[in-house]
Amino acid sequence: MAETIRRPGLDEQGFIAREGSLARVPGVFRPVVAAARDRLTAVFGPRLHSAYLYGSIPRGTARVGRSDLDLLAVLREEPTEADREAARTLDEAVDKEFRQIDGGGTLLSSRDRALSELERYDLGWFVACLCTPLLGEDLAEYLPRYRPDSLLARETNGDLALWLPRWRERIADAEDTEEARRPLVRFMSRHLVRTGFTLVMPRWNGWTSDLHEMAEAFGTYYPLRAAQLRRAAEYGYEPVGDPDVLRPYVDDLGPWLAAEYARVHGVKAPRPDGP
């Protein structure tokens with residue numbers, strides 16, 4: 001009888017297993033999570049439907065002073081610009097108070113959008129598979145289970161071509177300092193590695209959120225580009241503020257990856273408010 005291979009990140013039925021849990025939050029980060037939870041409630045009150053933690057902290061891999069705090073707040077109606085400003089203020093306050101984290105970001109969505117057909121294989125998948133419930137009703141109860149297939153690949157990262165012009169603008173507008181460019185290197189490196197991974201995800205048939213593992217999976221199928229993605233994975237964890245890192249992202253690796261992604265999986269369904 002042939003042995004069944006258990007792929008990383010999948011359950012016994014071949015669905016992507018939900019990663020992270022509050023039980024995995026390292027003790028040193030627990031006060032940060034508790035403060036964020038309380039402040040989300042204070043800021044949004046009864047308008048808050050639910051809140052989630054995601055990223056390295058609920059996965060148990062966060063590094064003190066190096067990792068950021070990632071939150072998703074789902075409101076009962078569409079977020080306003082005032083809500084977004086309130087979320088930015090919350091992020092800045094928590095970052096300033098707790099030395100354990102290096103920045104933070106709170107994503108906002110409405111309940112209807114998170115459960116919409118348009119977002120079923122993007123934001124919906126994100127909630128169901130990558131988010132750890134922190135407050136309120138868990139929307140994963142209303143969402144399907146997900147396999148690492150081409151549809152998921154297309155709807156998660158099939159919009160890189162739309163992002164590249166914005167990236168070029170951000171690079172051009174950034175101050176000419178290492179401190180100003182370092183966050184861009186971190187963000188763009190991570191985005192490119194994750195896009196490279198989801199490009200090959202259906203063939204690899206598994207899931208991981210580790211950037212190094214993502215780059216290695218990609219390199220199995222695109223050996224000529226493997227070194228570029230491995231370097232991007234390194235910069236995703238240890239960013240530098242070097243403009244020579246950013247230029248190939250928007251002039252070489254990014255355009256190639258966007259074109260190959262469209263060829264293999266197609267283009268992500270357009271959103272009314274853009275990528």
Side-chain angles (χ1 to χ4, degrees), residues 19-44 51-73 83-109 126 130-135 163 166-167 170-171 173-197 208-215 229-246 249:
E19 64 176 27
S21 72
L22 294 182
R24 295 183 189 173
V25 175
V28 69
F29 290 101
R30 290 183 181 274
V32 187
V33 174
R37 181 185 59 225
D38 293 344
R39 293 179 192 192
L40 284 169
T41 302
V43 169
F44 297 110
Y52 305 83
L53 188 65
Y54 68 95
S56 61
I57 291 179
R59 291 199 301 268
T61 60
R63 298 175 296 167
V64 174
R66 306 301 293 273
S67 297
D68 49 6
L69 176 69
D70 297 310
L71 300 165
L72 168 65
D83 292 327
R84 296 185 181 89
E85 181 59 34
R88 286 191 287 268
T89 300
L90 184 155
D91 295 335
E92 291 169 0
V94 174
D95 179 42
K96 184 177 181 180
E97 181 174 345
F98 294 96
R99 63 169 183 79
Q100 296 95 313
I101 59 172
D102 180 21
T106 299
L107 301 177
L108 295 179
S109 175
F126 176 70
L130 303 189
C131 286
T132 296
L134 186 62
L135 285 167
W163 283 108
R166 299 188 183 191
W167 288 10
R170 290 183 64 183
I171 293 170
D173 293 343
E175 293 183 15
D176 188 20
T177 65
E178 179 160 336
E179 183 178 4
R181 286 189 292 261
R182 193 179 298 118
L184 296 181
V185 169
R186 181 183 186 183
F187 167 74
M188 294 178 191
S189 297
R190 292 184 172 200
H191 194 125
L192 290 173
V193 172
R194 289 166 180 157
T195 302
F197 171 69
T208 178
S209 284
D210 182 277
L211 297 180
H212 294 303
E213 292 178 355
M214 287 182 165
L229 222 69
R230 290 191 187 105
R231 283 195 297 271
E234 293 172 1
Y235 291 136
Y237 287 125
E238 302 289 345
V240 296
D242 187 345
D244 290 337
V245 173
L246 292 169
Y249 284 179

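Residues T106 and L69 are not in side-chain contact: their nearest non-hydrogen atoms beyond the backbone lie 4.5 Å or more apart. Taking 4.5 Å as the limit, some side-chain heavy atom of P239 sits within range of a side-chain heavy atom of R182.
Using a cutoff of 4.0 Å between basic side-chain nitrogens and carboxylate oxygens, D210 and R59 are not scored as salt-bridged. The pair E85-R88 meets the salt-bridge criterion, since a charged nitrogen lies less than 4.0 angstrom from a carboxylate oxygen. In summary, R39 and E97 engage in a salt bridge, as defined by a charged side-chain N under 4.0 Å from a carboxylate O.
Counting only residues at least two apart or on different chains, the side chain to side chain donor-acceptor pair (under 3.5 Å) pairs with a member in residues 187-196 are S189-Y249. For the side chain to side chain donor-acceptor pair (under 3.5 Å) condition, the pairs that include at least one residue of residues 236-246, sequence neighbours left out, are R63-E238, R66-E238, D244-R247.
Here the closest non-hydrogen pair linking A233 and H212 is CB-ND1, 3.8 Å. Between C131 and L72, the closest heavy-atom pair is SG-CD2, 4.1 Å. In terms of heavy atoms, L40 sits closest to A73 at CD2-CB, 4.2 Å.
Using a distance-only test at 3.5 Å, with no hydrogens or angles considered, no donor-acceptor pair links the side chain of E175 to the main chain of A180. With hydrogens and angles ignored, the 3.5 Å screen pairs a side-chain donor or acceptor of D95 with a backbone N or O of G103.
With values rounded to the nearest 0.5 angstrom, L134 atom CG is found 8.0 Å from T41 atom OG1.
Not a single side chain to side chain donor-acceptor pair (under 3.5 Å) links E92 to another residue, sequence neighbours left out.
R166 forms a cation-pi arrangement with W163, by the criterion of a distance under 6.0 Å to the ring centre and an angle within 45° of the ring axis.
A distance below 6.0 Å separates the ring centres of F126 and Y54.
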* To do: Evaluate the criterion side chain to side chain contact (heavy atoms under 4.5 Å, CB included) for residue pair L71 and L107; output intermediate values, then yes/no.
  => CA-CA 6 Å; L71 300 165; L107 301 177; over 6 Å; no
